[in-house]
**Student:** 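Below are the structure tokens for one structure; questions will follow.
On a predicted model such as this, the values are computed, not experimentally measured, just so you know.
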Amino acid sequence: MLKKVYTALSVITGLGLMTTAAFADGLDSLPPDQKQLYELVDPAIPLGGTPLKDFVAKRPPPWKIGYASTYAGNTWRAQILTELNEVLLPKYKEAGLVSELVVTQSDLKDATQIQQMRQMVDDGVDAIIICCSNVTAINQTIEYAHSKGVPVFSFSGYVTSPYAINATENNTQGGYTAAKWLAEEIGGKGNVLTVSGIPGFASSDSFNVGAKKAFDEYKDITVVGDVAGKWTDQVAQVEVQKFLATNPTEIAGILVQSASENGVVNAVQQSGRDMMPIVLGGEASAACYWRNNPDFISQSFHFWPPRADARLVWDVMMRTLQGQGPKIQSILRPALPYTIDDVKEAIPEDCDPNSTAWIEPKGDAWWPADLAAQYFERPEDPLAWRPKK
């Protein structure tokens, strides 16, 4: 179904892209430098104002938070859970702002996620975080949560319900950035293989829309294949191995959606082919190959750093619960480049090629506090905030 939606959108909007001119309320409230980050976006992502601007929590803290995830089977998801359970929850518990975090996994089944979210609402959660969900399938459930005073916050992907806030990476911009870099890295010509995430999921499809726009700018680049790596190293390795074994054509570069780049690196090494430029996202395992082969590529990118993504959506959720008033329905972050020097600083020379860790942006570079304040009407430090008596 989602593929049909994206096809229709692509037909309507040419390259499946829209500019800021189409959206007024939310974007007009942002400073010019932030508006620029929305010039290349998925056409379906909502960028207007939000009814949660005047949200008032149904009770004072400490609040009970739900996390309705869709999947738990890769290194990215594991890092998200670690950040939520071992860093953010204890910190906000100590501040007296959160009482508990309820976590569910739906195994990529919309009906299961819907049931789990409704149960969370009925069990008295004060807010729900969702990850990587279908853009429309859970909209009625989000509206149900809203009717009970429970705001919903989506990250790494988006939903179209007006009652949710999307705090996520700009995947279309990320795909464009990655493909543009790869095209230049291989000299503007040659055959390219793309490794998608899970087809039909917003973050995967949006990334591909941006990548296609970039590759279309190079008449001598041909995308000769696309395989679904499903954001999982083991899956990507098998799929790329099969492609390389059955397609003897020369591959000049590979565009990969993290978290599956280490599987792609392994597949190329095992194929016997010379290593070609591969887009890296943030897996420390793949960065280890780069660490030991510094001429491999010129740079890489943070597209959706898991721990930083978790902090982003958590911060947006807490500020909204505190009545700080989000200005726009979708808060988007751009891809951030990093270099071999950053890799050398992050991991040792004897690094683990099978590590499940990630290289993250330094400090709060993904979502700095002074930037966060520009997205809210009444900004405060969410950890220092206390309800007015």
Side-chain angles (χ1 to χ4, degrees), residues 73-80 82-83 174 177-187 190-197 211 227 229-245 250-309 335-363 365-366:
N74 63 17
T75 60
W76 189 90
R77 303 293 185 122
Q79 292 293 305
I80 288 287
T82 298
E83 185 70 21
T177 299
K180 185 82 172 177
W181 170 81
L182 182 61
E184 292 296 322
E185 192 82 349
I186 62 177
N191 296 324
V192 169
L193 171 66
T194 61
V195 182
S196 301
V227 299
K230 298 187 176 179
W231 300 311
T232 304
D233 286 310
Q234 295 87 341
V235 175
Q237 182 169 342
V238 169
E239 293 304 314
V240 172
Q241 281 177 328
K242 287 194 296 187
F243 181 90
L244 295 178
E250 180 181 355
I251 304 297
I254 302 180
L255 175 63
V256 187
Q257 290 189 31
S258 230
S260 54
E261 62 262 38
N262 196 51
V264 174
V265 169
N266 290 337
V268 173
Q269 287 181 299
Q270 293 175 9
S271 72
R273 299 192 186 206
D274 292 336
M275 185 61 70
M276 69 289 290
I278 297 172
V279 174
L280 303 187
E283 287 190 303
S285 51
C288 184
Y289 177 85
W290 188 15
R291 176 75 166 80
N292 294 314
N293 299 272
D295 295 329
F296 166 43
I297 51 177
S298 62
Q299 67 176 357
S300 194
F301 301 91
H302 300 293
F303 298 111
W304 38 68
R307 287 178 177 263
D309 253 3
L336 299 180
Y338 65 96
T339 68
I340 186 62
D341 290 334
D342 296 316
V343 171
K344 290 177 179 178
E345 183 178 337
I347 59 177
E349 190 172 0
D350 61 345
C351 51
D352 181 3
N354 298 306
S355 172
T356 59
W358 278 61
I359 294 176
E360 296 268 344
K362 295 179 181 178
W366 190 246

**Student:** May I have all residue pairs that pass salt bridge (Lys or Arg N to Asp or Glu O under 4.0 Å) and include part of residues 177-186, sequence neighbours excluded?
**Tutor:**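 Qualifying pairs, neighbours excluded: K180-E217.
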
**Student:** For a quick test of reading the model, state the closest non-hydrogen atom pair linking Q257 to S196 and the distance between them.
**Tutor:** NE2-CA, 3.8 Å

**Student:** When the side chains of residues 347-354 are checked against the rest of the protein, which donor-acceptor pairs come out under 3.5 Å, sequence neighbours left out?
**Tutor:**
unit_1, atom_1, unit_2, atom_2, d
D352, OD1, N354, N, 2.8

**Student:** Enumerate the residue pairs fulfilling salt bridge (Lys or Arg N to Asp or Glu O under 4.0 Å) with a member in residues 335-346, sequence neighbours excluded, ordered by first and then second residue.
**Tutor:** D342-K362, E345-K362

**Student:** Do we see a donor-acceptor contact under 3.5 Å between the side chains of S258 and W76?
**Tutor:** no

**Student:** For L336 versus A365, what's the shortest heavy-atom pair and its separation?
**Tutor:**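 Looking at all heavy atoms of both residues, the shortest contact is CD1-O, 3.9 Å.
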
**Student:** Looking at side-chain heavy atoms only, is the closest gap between H302 and I359 below 4.5 Å?
**Tutor:**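 Touching, per the 4.5 Å side-chain cut-off.
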
**Student:** Heavy-atom count around Q269 CD within 6.0 Å, excluding the residue itself: above 12?
**Tutor:**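 For Q269, atom CD is crowded (more than 12 foreign heavy atoms under 6.0 Å).
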
**Student:** Counting N and O atoms only, with roles assigned by atom type, does the side chain of E360 sit under 3.5 Å from a partner on the main chain of R307, one being a donor and the other an acceptor?
**Tutor:**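 Answer holds: yes.
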
**Student:** Give me the atom names and distance for the closest heavy-atom approach of A259 to W358.
**Tutor:**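 Result for this residue pair: CB-CZ2, 3.2 Å.
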
**Student:** Which label fits W290 and Y338: parallel for a plane angle under 30°, tilted from 30 to 60°, or perpendicular past 60°?
**Tutor:**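 Rings of W290 and Y338: tilted, as their planes differ by 30° to 60°.
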
**Student:** Can you run down the salt bridge (Lys or Arg N to Asp or Glu O under 4.0 Å) pairs that involve residues 287-298, sequence neighbours left out, and say none if there aren't any?
**Tutor:** none

**Student:** To the nearest 0.5 Å, how far apart are OH in Y289 and CG in L280?
**Tutor:** 10.0 Å

**Student:** For F303 and A178, work out which heavy atoms get closest and say how close.
**Tutor:** CZ-CB, 3.5 Å

**Student:** Once rounded to the nearest 0.5 Å, what's the spacing between atom CZ of R77 and atom OG1 of T75?
**Tutor:**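 R77 CZ to T75 OG1: 11.0 Å, rounded to 0.5 Å.
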
**Student:** For residues G174 and A335, report the shortest heavy-atom separation together with the two atoms involved.
**Tutor:** CA-CB, 4.3 Å

**Student:** Are the side chains of V195 and E239 in contact, using a 4.5 Å heavy-atom criterion?
**Tutor:**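 A side-chain contact under 4.5 Å is absent here.
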
**Student:** Which heavy atom in L182 sits nearest to a heavy atom in I254, and how many Å separate them?
**Tutor:**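 Heavy atoms only, the tightest pair is CD2-C, 3.7 Å.
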
**Student:** Could you tell me whether the side chain of S355 and the main chain of A357 form a donor-acceptor pair under 3.5 Å?
**Tutor:** yes

**Student:** Could you tell me which residues satisfy salt bridge (Lys or Arg N to Asp or Glu O under 4.0 Å) with E261, sequence neighbours excluded, listed by chain and number?
**Tutor:** none

**Student:** Look only at the side chain of T232 and the backbone of K230, and say whether a donor-acceptor pair between them is shorter than 3.5 Å.
**Tutor:**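 The answer is yes, because a donor-acceptor pair under 3.5 Å joins these two groups.
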
**Student:** Distance from E83 atom CD to D309 atom CG, nearest 0.5 Å?
**Tutor:** 10.5 Å

**Student:** Assess whether side-chain contact (heavy atoms from CB on, under 4.5 Å) is satisfied between I297 and I278, documenting all intermediate values.
**Tutor:** CA-CA 7 Å; I297 51 177; I278 297 172; 5.7 Å; no

**Student:** Can you list the steps and then say if V238 with Q234 is a side-chain contact (heavy atoms from CB on, under 4.5 Å)?
**Tutor:** CA-CA 6 Å; V238 169; Q234 295 87 341; 5.9 Å; no

**Student:** Could you please spell out the steps behind the side-chain contact (heavy atoms from CB on, under 4.5 Å) verdict for N293 and M275?
**Tutor:** CA-CA 10 Å; N293 299 272; M275 185 61 70; over 6 Å; no

**Student:** Holding to side-chain hydrogen bond (donor to acceptor under 3.5 Å, both in side chains), I want the full list of residues that pass it with S260, two or more places apart in sequence or in another chain.
**Tutor:**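 Here no residue qualifies.
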
**Student:** Begin with the C-alpha distance, continue with both residues' side-chain angles, and end with the deciding distance and a verdict on side-chain contact (heavy atoms from CB on, under 4.5 Å) for V264 and L193.
**Tutor:** CA-CA 11 Å; V264 174; L193 171 66; over 6 Å; no

**Student:** Please confirm whether the backbone N or O of N262 pairs with a side-chain atom of D233, one donor and one acceptor, at under 3.5 Å?
**Tutor:** yes

